[in-house]
Amino acid sequence: MTESASPALASSAAIEDAAVLIRKAERAVVLTGAGISTPSGIPDFRSEGSGLWSRDEPMEVASLHTFRTAPERFFNWFQPLAGQIFNAQPNAAHKALAEFEAAGYIRTIITQNIDALHQKAGSEHVIEMHGTLRTLSCTSCFKQFEADPFLQPYIETGKIPQCLSCNGILKPDVILFGEQLPQSAWYEAQRAARQCDLMVVAGSSLEVLPVAGLPMQALDRGAHLIIINNTPTYLNVRADVVILDDVATTIPEIAKRVFHG
Ligand SMILES: [Zn+2]
């Protein structure tokens, strides 16, 4: 295992080892978490100190129970985060992953993020484990709408988005605490994890189940594992390459080696 813990720049040996594995892989899958979106200005709402913990505990306010019983509390809490997501742009890490996919180096991105920054960067095959903020669904008639025309007024005024057909409350198509993961996404992610020959964990601390178990499924079938994250994960001891650093600086460095040797 090559490990680099430099806060300034990951060791070039670890970067090179990661590049070699990506070049050799035939069915690489990338698993991304909040750490890939924080450089784009989206706070990790699971982290205390992100600002989103000031009044409410996210696991309580961003739960299906709160949404059903006191939707205005959810929408109040979500308003600043929705604004940050709405205005965010993909960073160098998102762009490098899109280039890897376009060049055939990776097949699939499994993401825990709801911000669609991978798609904005040009990635095509993205499995969104926790849903997406790109669409909203009516809680009464289940009609689905593109989110943008509803999000802008909500972000500006805090007014709860309502269904154009029946005036029901529109729920962002994101998975709240206490809500089941979308089944098709989960099956697809498991299949990708079991079939891959390389998994790259990028910006996830692997703390949220069941997604955190996917790299284990890949390892159990003999895949290589690269972990790039600011903080250690439970699988660092099993990884071929560990880079304890920011993904927005590291992944473009790896891309340079993959594309230009
Ligand atoms: Zn409706």
Side-chain angles (χ1 to χ4, degrees), residues 32-34 37 40-46 50-90 94 108-190 208-211:
T32 67
S37 292
S40 288
I42 300 174
D44 177 4
F45 66 86
R46 292 172 201 269
S50 68
L52 294 160
W53 283 72
S54 52
R55 283 170 305 151
D56 298 287
E57 207 256 279
M59 280 179 215
E60 197 265 316
V61 72
S63 69
L64 191 60
H65 177 75
T66 299
F67 191 90
R68 283 184 176 150
T69 54
E72 69 288 348
R73 272 196 65 210
F74 167 82
F75 279 106
N76 268 336
W77 174 83
F78 191 56
Q79 193 182 355
L81 182 57
Q84 280 157 323
I85 293 173
F86 190 73
N87 293 311
Q89 295 302 321
H94 295 105
T108 301
I109 294 174
I110 302 169
T111 188
Q112 296 169 286
N113 302 330
I114 58 168
D115 50 43
L117 290 181
H118 287 301
Q119 292 92 328
K120 278 192 190 171
S123 289
E124 289 183 8
H125 193 209
V126 182
I127 307 174
E128 295 173 303
M129 299 309 301
H130 295 156
T132 176
L133 193 57
R134 285 178 299 163
T135 54
L136 311 169
S137 293
C138 178
T139 50
S140 299
C141 75
F142 306 108
K143 195 174 271 187
Q144 195 180 51
F145 298 91
E146 287 293 320
D148 283 10
F150 295 91
L151 282 183
Q152 192 128 31
Y154 158 59
I155 290 162
E156 283 167 13
T157 68
K159 189 181 171 297
I160 293 178
Q162 282 179 298
C163 177
L164 297 179
S165 308
C166 78
N167 280 334
I169 291 176
L170 294 180
K171 177 186 170 292
D173 287 333
V174 300
I175 304 304
L176 300 177
F177 292 101
E179 198 168 6
Q180 293 287 320
L181 292 190
Q183 223 176 30
S184 59
W186 176 237
Y187 286 141
E188 208 188 339
Q190 281 186 300
V208 183
L209 287 168
V211 177

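One-based numbering along the sequence shown. What you are looking at is a predicted structure, and each value in this text was computed from that prediction instead of being measured. Indexing begins at 1, ligand by ligand and atom by atom, following the structure's order.
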Next on the checklist: What verdict does the side-chain hydrogen bond (donor to acceptor under 3.5 Å, both in side chains) test give for T132 and D173, after you've listed the backbone C-alpha separation in whole Å, the side-chain angles of each residue and the deciding distance to 0.1 Å?
Outcome noted: CA-CA 5 Å; T132 176; D173 287 333; over 6 Å; no

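- Within the 4.5 Å cutoff, side-chain heavy atoms of P43 are placed close to those of Q84.
- The number of protein N/O/S atoms found under 2.8 Å from the Zn ion (ligand 1) is 4.
- A salt bridge links R73 and E60; the closest N-O separation between the charged side-chain nitrogens and carboxylate oxygens is under 4.0 Å.
- Residues G168 and S140 come closest through the heavy atom pair CA-OG, 3.8 Å.
- Using a 4.5 Å heavy-atom threshold, the side chains of D148 and F86 count as touching.
- By the ring pair (Phe, Tyr, Trp, His ring centres under 6.0 Å) test, F74 pairs with F67, F78, sequence neighbours left out.
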